[in-house]
Every structure is written in structure tokens, then in C-alpha cells.
Amino acid sequence: VQLQASGGGLVQAGGSLRLSCAASGRTISNYYMGWFRQAPGKEREFVAAITRGGEGTFYEDSVKGRFAMSRDNNKNTVYLQMNSLKPEDTAAYYCAADERFSAVNSRPTHWGRGTLVTVSS
């Protein structure tokens, strides 16, 4: 499966963005999906994950209550709605996929190219 993230940009603190990740090659209904981010000079970190049917979502503590991950399997796309953005959310955001739930929040098999989110103070 090939993944392409989009929707990044420059936003002021307190603002919102919605990232999209479009998949091709295979249907994403077979995959657990995740979002990761990497800030300048830092390691890539887990942000959110969603089960194959979308009934379950999981978040890194710092984004709980502010970010919401969803998916539309008919459109082969997953989303990350980011609200109340903070400067520390500035990073390149990557979507990822894995057929194993145990891997999707740590070492997913499939990665897309990132989209840059910059939050100004």
C-alpha cells in the first residue's frame, strides 16, 4: 500500500488543521492506521492510531482531547483533525499502516511521505 499525507501548513497557536492520508494500491480496510510526527532535532514519535473498522482510536497523551483520528474506508483515506494547536505540535506528520495492531503504534510496515505542520506562537 502506498500512502500520501497532505493538509499541512502554517497555523497560529489555538488554530486547527485537518490532515489527510490517501492510500493506493490496496484497500486500507485491511490495515490498522497510524499517525506519527517528527519535530526538528527529535525522534519520530507516535501520535494516533485507529482500528481497521474505525471503532477504536488511541492517542499519545499530549494530543488527547485535541486531536481526533478517523477513517473512511470507502475513500481509502484516513484523517487527523488537529484542534487547539500548540507550537510544540510543529513537526512533519507521517501516516503509516500495518496489518498488525501490535505494530501500528511502534514499528509500522508502511509509511507515507510527511506533511509539514508549523504552529506559530
Side-chain angles (χ1 to χ4, degrees):
V1 61
Q2 292 78 47
L3 306 172
Q4 179 64 59
S6 62
L10 174 64
V11 63
Q12 288 188 332
S16 298
L17 281 175
R18 188 175 84 152
L19 306 184
S20 299
C21 175
S24 59
R26 291 194 67 185
T27 175
I28 63 168
S29 60
N30 296 321
Y31 296 94
Y32 298 95
M33 302 294 294
W35 285 98
F36 289 72
R37 65 185 180 186
Q38 187 168 18
K42 295 187 177 181
E43 293 187 353
R44 190 175 298 186
E45 65 174 359
F46 168 76
V47 175
I50 191 166
T51 54
R52 286 180 293 188
E55 64 277 8
T57 51
F58 308 88
Y59 300 96
E60 190 269 331
D61 285 348
S62 69
V63 308
K64 284 180 181 177
R66 299 189 298 122
F67 290 13
M69 186 173 183
S70 61
R71 66 192 296 160
D72 185 337
N73 288 343
N74 291 326
K75 294 183 178 180
N76 234 26
T77 302
V78 297
Y79 305 96
L80 186 67
Q81 178 67 43
M82 305 187 296
N83 300 324
S84 301
L85 283 161
K86 304 175 181 180
E88 51 263 44
D89 295 317
T90 295
Y93 283 72
Y94 301 85
C95 60
D98 202 283
E99 293 177 315
R100 304 160 296 167
F101 178 72
S102 61
V104 74
N105 65 346
S106 58
R107 54 190 189 281
T109 302
H110 306 283
W111 291 92
R113 292 188 176 185
T115 185
L116 184 61
V117 172
T118 303
V119 184
S120 64
S121 57

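Note that this is a predicted model, so its numbers are computed, not measured.
The two atoms that bring Ser16 and Gln81 nearest to each other are CB-NE2, 3.9 Å, heavy atoms only. Here the closest non-hydrogen pair linking Ser121 and Pro87 is CB-CG, 3.8 Å. The nearest pair of heavy atoms linking Arg37 to Ala91 is CB-CB, 3.8 Å. Nearest heavy atoms, Ala22 versus Thr77: CA-OG1, 4.1 Å. The minimum heavy-atom distance linking Pro40 with Thr90 is given by the pair CD-O, 4.4 Å. For Gly112 against Tyr94, the heavy-atom pair with the smallest separation is O-CD2, 3.4 Å.
More than 12 heavy-atom neighbours from other residues, nucleotides or ligands sit within 6.0 angstrom of CD on Glu55.
We find the CG-CE distance between Leu80 and Met33 to be 11.5 Å, quoted to the nearest 0.5 Å. We find the CZ-CD1 distance between Arg71 and Ile28 to be 4.5 Å, quoted to the nearest 0.5 Å. Taking OG from Ser20 and CD from Gln4, the interatomic distance works out to 11.0 Å, rounded to the nearest 0.5 Å. One distance of note links OG of Ser62 with CD of Glu88; it measures 8.0 Å at 0.5 Å rounding.
Val47 and Ile50 fall within a single hydrophobic cluster, where Ile, Leu, Val, Met, Phe, Trp and Tyr side chains are chained together by heavy-atom contacts under 4.5 Å. When the side chains of ILVMFWY residues are joined at heavy-atom separations under 4.5 Å, either directly or via intervening members, Phe36 and Leu3 end up in two distinct hydrophobic clusters. Cluster membership for Tyr32 and Tyr79, using ILVMFWY side-chain heavy atoms within less than 4.5 angstrom, is not shared.
Salt-bridge annotation for Lys64 and Asp61: present, with a side-chain N of the basic residue lying under 4.0 Å from a carboxylate O of the acidic one.
For Tyr59 (side chain) and Met69 (main-chain N/O), a donor-acceptor pair under 3.5 Å exists by modelled atom type. The backbone N or O of Asn105 lies less than 3.5 Å from no partner atom in the side chain of Asp98, so there is not a single donor-acceptor pair.
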Is there a side-chain contact (heavy atoms from CB on, under 4.5 Å) between Leu19 and Met82 once you walk through the steps?
-> CA-CA 8 Å; Leu19 306 184; Met82 305 187 296; 3.8 Å; yes
CA sep, side-chain torsions, deciding dist, call: Val1, Asn30, side-chain contact (heavy atoms from CB on, under 4.5 Å) = CA-CA 10 Å; Val1 61; Asn30 296 321; over 6 Å; no
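Residues Phe58 and Phe101 bring their aromatic ring centres within 6.0 Å.
At least one side-chain heavy atom of Arg44 sits under 4.5 Å from a side-chain heavy atom of Trp111. The side-chain heavy atoms of Trp35 and Cys21, taken from C-beta on, include a pair separated by under 4.5 Å.
Between Tyr93 and Phe67, the ring planes lie tilted relative to each other; the angle falls in the 30° to 60° range.
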